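Take a look at the structure set out below.
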Protein chains: 2
Amino acid sequence: MPDSTNPPNPPTPPNPPTSADVARLAGVSRATVSYVLNNAEAVRISEPTRRKVRAAAEELGYVPHAAARSLRAGHTRIVLLPTSHVPAGPLYSTFLNELQWALRRLDYTVVQYGSLGLTGDEAVRAWAELRPVAVISLGETALSPHNVDTLKRAGARAVLTLGPERVAGAHALVMDQAEVGALAAAHLAGRGRRRIGVVVPEEPGLDLFSGPRLAGARTVPEVEVTPLALAYTEESAAALAARWGELGLDGVFAYNDEYAVLLMRALLDAGVRVPEDVAVMGADDLLIGRLVRPRLSSVRIEMPSGEWLAGLVDRAVRVPSAMAERYDLTGAAAVPREST
Amino acid sequence: MPDSTNPPNPPTPPNPPTSADVARLAGVSRATVSYVLNNAEAVRISEPTRRKVRAAAEELGYVPHAAARSLRAGHTRIVLLPTSHVPAGPLYSTFLNELQWALRRLDYTVVQYGSLGLTGDEAVRAWAELRPVAVISLGETALSPHNVDTLKRAGARAVLTLGPERVAGAHALVMDQAEVGALAAAHLAGRGRRRIGVVVPEEPGLDLFSGPRLAGARTVPEVEVTPLALAYTEESAAALAARWGELGLDGVFAYNDEYAVLLMRALLDAGVRVPEDVAVMGADDLLIGRLVRPRLSSVRIEMPSGEWLAGLVDRAVRVPSAMAERYDLTGAAAVPREST
DNA sequence: TGGAGGTGGTTACACGTGTAAGTGACTCGT
DNA sequence: ACGAGTCACTTACACGTGTAACCACCTCCA
């Protein structure tokens, strides 16, 4: 018993108070404290005792220990969100924010976990240590069926993947980014363009999106595709615009409205006319595309709302069986404006 | 012992394997398992035994239970990041991302925690349950000294606040958003403008930034300030531009480059000339401001890098005493371009 | 031969919590 | 007056881990 005669503000706070401390101060057993503080209804505790316990807890500033609690309970309410280290565009980042917020509202604890330089297996084991009740893999690293198994053995009741294809054992939200590229290329082809460039961001971490979008553009037979690396800086865009003539392109699909606006600006500054000399197309239908002149053509994507996904996770956790294994989030449409 | 004769793929995975299961399979005691798997050097274990244990752990897919571990250890490596539910601009959101990534690299577990509709005290108690080793309050709700005390009693070795003023007991990163507003207003005044509007976003959650920026603008004696509510949509901007004439303003400071670009577009579309009729000024010096015409004047802000802040947190955790109580992150400068 | 010292383990406890099962005191109906 | 039944608690165990303390065995030297 190290703390006799509690000073009001000890210079070195000794230890977080436990329910045993509360029990001692209230003059009851630890079990009673637990019953009172958890509002147990099956056990009858007199009102005066309840007040004593609550007062003692208040005075000590008692806060239960989440780790001990979930150790005892055998499960957590942690939802693991392995994220890459790049913001990946406003559309995606808004979605992510919504998702976190909605999960919090459903009383889950959201834990962000970057996989660092670890291999897939190492990363998954690190995730499993937290015993998350659900994992939402956003596709930075594709999960193997074995990984899904590891997570489920560690107590995960739901493993969701958001990516281009489905993973065995997990619930999959299949969203086909290839279709975005295909729509863009088809739209450019419809405008009579035949030799188009596809901007691939140099920033790492976007591969999951940029790869399929490029591949999708290649599936359109009428056009010939040239990949173009571009960093999200004015210098990089100016350099690309400077060698534009020798590329011989009459259309360009720029991965994203942000990259598209950047490139279009550089092209205009270099004297290339849009859309006369080159048609420019973005994606994600961001507000910025409507604020520039000429207005940017784009591809609108149906992102699921964060609330919807959070609700899906919640259902999957509560009734793991009664869930579809695959949800198709197809829904993209070209939005023609002035730049094509 | 429910699992005799382990089938390779049981349809219902029974329970996550524990170190006791590993010990049983390897034919050693649980302590030996712990020593081997944690590479304890103080205890001597023969090489054949080590291999047996590792093999057993591998076969069972054993993953340690983080909650049990940190319960025993008496501390965690959780860094709590109470965030608001709005992205709050690219500058800030990039910073946040950097921070999370850097913390992960230092082997901390980042937990995002929105405070929902809870009161300050309730929210802080919810945070304390996780026994985080550090809390980085990003100022959504200002912490009271009592709150800081609660967190420290719960084991937090460092509480950092990022906001306009310092909180007793916590390490403070004081970044004065008022200066941003003052600089913008002063710059407009220097261009001869006297009646300026200050755009205040209608989106909730930005109050912490927009409030001080507005107040800062008001500290400049030469100008008269009119607050202007604006949502981040084209409709809202168009509506504001439509009644521009009756406002009688010759300058506007728009909180953010994004809001500035939005408003400037609407003004130009409504026939208001920039900068002849009205000078427009943004903040945060985003790339977008350099891509529009006329180029947007802005206020550049020295945000600390995420790595820097992560390093600071790490030092605060390891040597709580040897730390300054206050860091001033002042460093803003007007960046004149064509819109003023 | 016998004790000192090293080798390779094991036994036992603590961390903080939730809850099933048990217990003593009191009331009540016959 | 005495078993049955309620009330208001307490006792005891389990969750999974790390580590200090203990112990059996072997080797080596006096």
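Keep in mind that what you see is a predicted model, and the values were worked out from it rather than measured. Letters A, B, ... mirror the listed sequences (proteins, then strands); counts begin at 1.
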Original post:
Quick one: Arg51(A) CZ to dA8(D) P, roughly how many Å, whole number?
Top reply: 14 Å
Subject >> Phosphate OP1/OP2 of dG16(C): any Arg69(A) side-chain N/O under 4.0 Å >> reply: no
Original post:
Would Asp21(A) and Arg24(A) pass as an ion pair if we require N to O under 4.0 Å?
Top reply: yes
Original post:
Closest to the His65(B) side chain: dG16(D), dT17(C), dT11(D)?
Top reply: dG16(D)
Subject >> Sugar-phosphate, base or nothing in reach of Arg44(B), heavy atoms under 4.0 Å >> reply: base
Subject >> Per Asn38(B) side chain, nearest of listed nucleotides dG18(D), dT17(D), dC15(C) >> reply: dG18(D)
Original post:
Once you round it to whole Å, what is the distance between P of dA8(D) and CD of Glu41(A)?
Top reply: 16 Å
Subject >> Side-chain N or O of Ser46(A) closer than 4.0 Å to phosphate OP1/OP2 of dC9(D) >> reply: yes
Original post:
What's the CG-C1' distance between Asn15(A) and dA14(C), to the nearest Å?
Top reply: 13 Å
Subject >> Rounded distance in Å - CG (Leu71(B)) to C1' (dC13(C)) >> reply: 13 Å
Subject >> Whole-Å distance separating the CG atom of Leu37(B) from the P atom of dT17(D) >> reply: 10 Å
**OP:** Kindly say whether, by distance alone, the side chain of Arg131(B) makes a donor-acceptor pair under 3.5 Å with the base of dG16(C)?
**Re:** no
Original post:
Can Asn147(A) and Ser144(A) be counted as having a side-chain donor-acceptor contact under 3.5 angstrom?
Top reply: yes
Original post:
When we call it a touch if two heavy atoms are under 4.0 Å apart, what does Thr32(B) touch: a base, just sugar-phosphate, or nothing?
Top reply: base
Subject >> Tyr35(A) side-chain N/O to dA20(C) phosphate OP1/OP2 under 4.0 Å >> reply: no
**OP:** With DNA chain D as reference, determine whether Gly27(A) or Val43(B) sits nearer its 5' end, using the nearest nucleotide of each.
**Re:** Gly27(A)
Original post:
Quick check: are there more than 12 heavy atoms from other residues, nucleotides or ligands sitting under 6.0 Å from CD of Glu47(B)?
Top reply: yes
Original post:
Looking across every strand, which nucleic acid part, if any, lies under 4.0 Å from Thr18(A) by heavy atom: base, sugar-phosphate, or nothing?
Top reply: sugar-phosphate
Original post:
Base, sugar-phosphate, or nothing for Thr49(B), non-hydrogen atoms under 4.0 angstrom?
Top reply: sugar-phosphate
Subject >> Comparing Arg72(B) and Ile45(B) on DNA chain C - which has the more 5′ nearest nucleotide >> reply: Ile45(B)
**OP:** Using whole Å, report how far CG of Leu130(A) lies from P of dT17(D).
**Re:** 14 Å
**OP:** Give the nucleotide from the list dT17(D), dG9(C), dT17(C) with an atom nearest to the side chain of Arg30(A).
**Re:** dT17(C)
Subject >> Nearest heavy-atom neighbours spanning Asp107(B) and Arg77(B) >> reply: O-NE, 3.2 Å
Original post:
Is the shortest distance from a Lys or Arg side-chain nitrogen in Arg318(B) or Asp314(B) to a carboxylate oxygen in the other one below 4.0 Å?
Top reply: yes
Original post:
Counting side-chain heavy atoms from CB outward, which of dT10(D), dG16(C), dT11(C) is closest to Ala31(B)?
Top reply: dT11(C)
Subject >> Minimum heavy-atom distance between Leu37(A) and Ala57(A), given as atom pair plus value >> reply: CD2-CB, 4.4 Å
**OP:** Decide yes or no, distance alone: a donor-acceptor N/O pair under 3.5 angstrom between the base of dG8(C) and the side-chain of Arg50(B).
**Re:** no
**OP:** Please tell me which of the listed nucleotides, dG18(D), dG18(C), dT10(D), lies nearest to the side chain of Ser34(B)?
**Re:** dG18(D)
